[in-house]
Amino acid sequence: MINANELRITNKVYDNGKICTIESINAFADGEADVYLVETGNAGMFIDPIPLTEDVLFKCGFDKNDNMFTDNKLVGIEIYDEDLHFRVLCGNYCLCVINNLHQLQNLYFALTGEELNIKL
């Protein structure tokens, strides 16, 4: 399950195993939130992250050279262990570790000001 504080409109998530796009987020006073999902029309509170994999990175337009994935805007994403954890690099500095597609979408937007083009 994903904490609603991690989500933005346009994030891709799983809803009962189906890939969905978040259209709106409604926060409640108790800190919980409902999200409205475009493809299913559900207002779900129990959505799951889409794990970041090499295949997902390719579908986001990244190219691979050795263990480094790059595109024309983001500096680089590196596989850093056998469990497919990814770290985002700027030069030799690790900005953060990401494991899920919505984290990549949010980071990409924060760094570039543009939405990540995803073809899942």
Side-chain angles (χ1 to χ4, degrees):
M1 189 166 72
I2 305 171
N3 183 325
N5 293 331
E6 294 180 38
L7 296 174
R8 290 180 43 252
I9 293 171
T10 73
N11 279 162
K12 301 281 188 190
V13 295
Y14 281 132
D15 179 31
N16 292 317
K18 182 175 181 174
I19 296 171
C20 295
T21 304
I22 295 177
E23 183 174 89
S24 66
I25 303 170
N26 301 313
F28 301 116
D30 64 0
E32 294 293 320
D34 267 342
V35 295
Y36 181 77
L37 305 165
V38 176
E39 289 79 1
T40 61
N42 291 340
M45 291 178 63
F46 303 107
I47 54 176
D48 294 309
I50 297 173
L52 200 56
T53 64
E54 290 188 35
D55 187 50
V56 168
L57 286 168
F58 289 133
K59 290 178 179 181
C60 292
F62 286 85
D63 295 314
K64 183 179 180 187
N65 186 5
D66 294 324
N67 278 345
M68 184 68 67
F69 293 85
T70 58
D71 75 342
N72 62 351
K73 296 198 183 290
L74 199 60
V75 175
I77 298 174
E78 178 183 45
I79 301 172
Y80 79 96
D81 68 18
E82 63 279 347
D83 292 326
L84 285 183
H85 291 102
F86 297 88
R87 60 183 179 181
V88 178
L89 303 175
C90 181
N92 291 329
Y93 181 73
C94 177
L95 297 176
C96 64
V97 174
I98 55 177
N99 298 308
N100 300 302
L101 179 56
H102 72 278
Q103 295 170 318
L104 175 60
Q105 287 181 274
N106 297 345
L107 182 62
Y108 190 90
F109 184 80
L111 293 174
T112 68
E114 297 178 14
E115 296 293 340
L116 185 60
N117 185 17
I118 305 168
K119 296 177 182 163
L120 294 178

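Excluded from the calculations below are hydrogen atoms, water molecules and symmetry mates; all remaining heavy atoms, backbone and side chain alike, are included. Predicted model, so just to flag it, every value in this text is computed and none were measured.
- Pairs passing the salt bridge (Lys or Arg N to Asp or Glu O under 4.0 Å) check and including a residue from residues 84-107, sequence neighbours excluded, read Glu78-Arg87.
- No side-chain heavy atom of Ile47 sits under 4.5 Å from any side-chain heavy atom of Cys20.
- Evaluation of the salt bridge (Lys or Arg N to Asp or Glu O under 4.0 Å) test over residues 96-105, restricted to residues two or more places apart or in two chains, returns none.
- The side-chain hydrogen bond (donor to acceptor under 3.5 Å, both in side chains) contacts involving residues 50-66 comprise Glu54-Lys64, Asp55-Lys59, where partners must be two or more places apart or lie in separate chains.
- Remark: Leu7 CG to Ile25 CD1 distance equals 5.0 Å, nearest 0.5 Å.
- Looking at Asp71 and Cys60, their side chains never come closer than 4.5 Å, going by heavy atoms from C-beta outward.
- Closest approach of Cys94 to Leu89, counting heavy atoms only: CA-CD2, 3.8 Å.
- Under the 4.5 Å side-chain criterion, counting only non-hydrogen atoms from C-beta, Phe86 is in contact with Ile79.
- Atom CD1 of Ile50 is separated from atom CD1 of Ile118 by 7.5 Å, given to the nearest 0.5 angstrom.
- Checked against side-chain hydrogen bond (donor to acceptor under 3.5 Å, both in side chains), Tyr14 has no partners two or more places apart in sequence or in another chain.
- With sequence neighbours excluded, no residue satisfies salt bridge (charged side-chain N to carboxylate O under 4.0 Å, His left out) with Glu6.
- Phe62 is listed as a side-chain neighbour of Leu104, based on a closest heavy-atom distance under 4.5 Å.
- Inter-residue side-chain proximity for Leu52 and Gln103 is flagged as unmet; no heavy-atom pair is nearer than 4.5 Å.
- If you take CD1 on Ile77 and SG on Cys96, they are separated by 9.0 Å, rounding to the nearest 0.5 Å.
- Glu23 is linked by a salt bridge (charged side-chain N to carboxylate O under 4.0 Å, His left out) to nothing, counting only residues two or more places apart in sequence or in another chain.
- Taking the side-chain contact (heavy atoms from CB on, under 4.5 Å) definition, one finds that Ile9 meets it with nothing, sequence neighbours left out.
- Using a 4.5 Å heavy-atom threshold, the side chains of Ile22 and His102 count as separate.
- The ring pair (Phe, Tyr, Trp, His ring centres under 6.0 Å) check on Phe109 picks up nothing, with sequence neighbours excluded.
- One finds the CG atom of Leu116 at 7.0 Å from the CG atom of Leu101 (value rounded to the nearest 0.5 Å).
- Screening residues 99-116 for salt bridge (Lys or Arg N to Asp or Glu O under 4.0 Å) gives Arg8-Glu115, Lys73-Glu114 as the qualifying pairs, with residues at least two apart or on separate chains.
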